[in-house]
Amino acid sequence: MSDAQMTTRAKDKSRWERFRESDFFYAFKRSPIALVSFTVVCILVLSAVFAPLIAPTNPFDPASLNLMNGFTAPMEPNAFTQETFLMGTDDQGRDVFSTILYGMRISLFVGVSAVLFAMVLGIILGLIAGYFGGWAETIIMRFADVQLTFPSILVAMLIFGIAKGFTPVEYRDQMAIWVLILAIGLSDWVQFARVVRGATLVEKSKDYVAAARLIGRSPWAIMIKHILPNALSPVLVIATISLALAIIAEATLSFLGVGAPPTQPSLGTLIRIGQGFLFSGEWWILFFPACTLLALALSVNLLGDWLRDALNPRLR
Amino acid sequence: MLAFIIRRVGQSILVLLIVGLVAFSMFRFVGDPIDNMLGQERTIEDVERLRTQLGLDQPFPVQYFKFLEGAVQGNFGVSYRQGRPVAEILMERAPATLELAAVSGLLAIIAGIALGVFTAIRRNGFAAHTIMAASLVGVSLPTFLIGILLIYLFSVELGWLPSFGRGETVSIGDWWTTGFLTQSGIKALILPAITLGLYQMTLIMRLVRSEMLEVLRQDYIRFARARGLRDRVVNFRHALKNTMVPVVTVIGLQLGSIIAFAIITETVFQWPGVGLLFINAIQFVDIPVMAAYLMLISVMFVGINLIVDILYVFIDPRLRVDRKGGH
């Protein structure tokens, strides 16, 4: 969307009014999918952020746990303590609803951080490749091509394994979240770099860049202040779609046991734990985290799809 | 043509050399190989002997070259965790993964093409709409959740199929074990194969469908119908055949992903294949196994890419005449 045009046309209006009158907002209001998925994302993100306020118990505070509450079915009073839980409890008597809220925090934190990391890395490398060209471009883009040959989940696993090898044994559990962010981020930068490089190549030859160069702005100032804003909307689209992929990647890695540790369980870890109780009939320990993951990934994905269509003028 | 093949082969070798460098650096720099191989009780002589034996006292490029030399001969060192040669462990596990991948791949290709053609021909029918909607859900579901769902339905609730393992296997020759020849082996294969193949199947289906829709609009299809050719001949001989270039590319590339995604399926179903081995290697930081797996899978990926690129030229005659043309 052309924010710049909007600014010149309606300088006297507030930012919010300009946004409400934009095509973007109009398209948003008219799309049921966008409205629903945006609402779901908002609810999930807010409940994750305010988890300590919403959750009935803190699942990681041993004092609040009562082993007698173990394996309570959802909405049924426990045989010993008569307590009821919205989504039941797990083997240790932890409220499943609370663990989901806290787990979603970790899933979202890892997903968002990994995408931000991939975005910053991809933007920098893409700008360098597009603006300077030459051997820097050759190295960066060849490397990107090689990495793209492999599925990103495999790259993430490999980076996780290597980084785990570098962390001392006693810190591995504490560092797991950061290692996870590093691994998913590094497996995902290629898309950003390709798009930013493409946009930079187009913008580089335009007059305003020549003008900026003429008045002696440094290459980095030109890249970041002048070229980058014009490449931001595809980056935003990729970021949203990447977020859905990153959340699923994180869940997959944690499910496989090479991600978030049981001391800091994400949704994937909770599903891994829940799978163990599938055969003994305690379906809720698995079911609710799985549904939450699905709702989160699906709504972010749909939002990303919609954003891609809305921001791509060719498809209008 | 020949020049193109030579250039592609050259590129592939370069990629493999780079991956080899990554694998070697993992082995060399992640942790100390000596520490990992010798226990707490060791003498300086032991350390020195192992250092010379592993060639760690030689310059980096020489070590790298030695590593490549070993890798080409299938020698990837000794697993830190199991204390056995990595090549031996991999050979033992490979049949399970290859059988699983082959069955899932076939399933994905056959069902994917069939459903793609069906949904394209009956594109407004109820069945086609249902299949398309279901495929959208299938693409969004993470693989491991599909696996769990299938286990819940067919193992826990219905009790028809086993939820883990490979069933009984039969040895063929010295090192190949197959699950195809026993009833329990085939039963055990069904759920993992569906789990692994489903995503690829939806991809192939959606691709075949959109390509078919594109082709069915072309004039030559209308002329073929006007000539009075039967629907089946038009749909399969004329239309499907011309969708094959992108479909073969995607199928080829997806075969590589099947091997990679087997990691997830194998973990869900505790399938004793290479993928499960790799996950365990990551959990226990067993670097030689990780490095060997990386090399193995890159050879497979790069090889598949190469074959697909060359096949491309054979399938599409337009590419043969002039590589610099519009394509």
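In what follows, chains are A, B, ... by sequence order, proteins preceding strands, each numbered from 1. Any value given below was found using the heavy atoms of this structure, including those in side chains, with hydrogens, waters and symmetry copies removed.
- Counting all heavy atoms, side chain and backbone alike, Val268(B) lies closest to Gln275(A) at O-NE2, 3.7 Å.
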Side-chain atoms of residues 135-143 of chain A: list all donor-acceptor pairs with protein atoms under 3.5 Å, sequence neighbours left out, distances to 0.1 Å.
residue	atom	partner	partner atom	Å
Glu137(A)	OE2	Arg197(A)	NE	2.6
Glu137(A)	OE2	Arg197(A)	NH2	2.9
Thr138(A)	OG1	Gly134(A)	O	3.0

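- Looking at Val302(B), there are no atoms closer than 4.5 Å to chain A (heavy atoms on both sides), in backbone or side chain.
- Both the backbone and the side chain of Ile264(B) come within less than 4.5 Å of a heavy atom of chain A.
- Closest non-hydrogen pair, Pro151(A) versus Ala260(B), comes out as CG-CB, 3.7 Å.
- Ranked by heavy-atom pairs shorter than 4.5 Å toward chain A, the options Ile279(B), Val15(B), Asn280(B), Ile304(B) are led by Ile279(B).
- Heavy atoms of Leu294(B) lying under 4.5 Å from chain A belong exclusively to its side chain.
- Other residues, nucleotides and ligands contribute only 12 or fewer heavy atoms inside 6.0 Å of the CZ atom of Phe38(A).
- For the pair Met290(B) and Leu158(A), the tightest heavy-atom approach, listed with the atom from each and the gap, is CE-O, 4.2 Å.
- More than 12 heavy atoms of other residues, nucleotides or ligands shown are found within 6.0 angstrom of CD1 on Ile18(B).
- Residues of residues 236-252 of chain A lying under 4.5 angstrom from chain B, judged on non-hydrogen atoms, are Ile248(A), Ala251(A), Thr252(A) in numerical order.
- Looking at Thr143(B), there are no atoms closer than 4.5 Å to chain A (heavy atoms on both sides), in backbone or side chain.
- Using a 4.5 Å cut-off between heavy atoms, Phe150(A) touches chain B through backbone and side chain atoms alike.
- Contacts with chain B (heavy atom to heavy atom, under 4.5 Å) involve these residues of residues 289-302 of chain A, listed by number: Ala290(A), Leu293(A), Leu294(A), Leu298(A).
- For Arg209(B), there are no salt bridge (Lys or Arg N to Asp or Glu O under 4.0 Å) partners, not counting sequence neighbours.
- Counted within 6.0 Å of CE on Met132(B), heavy atoms from surrounding residues, nucleotides or ligands total more than 12; the atom is thus considered enclosed.
- More than 12 heavy atoms of other residues, nucleotides or ligands shown are found within 6.0 angstrom of OH on Tyr102(A).
- Nearest heavy-atom pair across Ile282(B) and Gly161(A) is CG2-CA, 3.7 Å.
- Interface summary for chain A: among Asn305(B), Thr267(B), Ile148(B), Leu145(B), the most heavy-atom pairs under 4.5 angstrom belong to Ile148(B).
- For chain B, the nearby parts of Leu256(A) are the backbone and the side chain; heavy atoms of each come within less than 4.5 Å.
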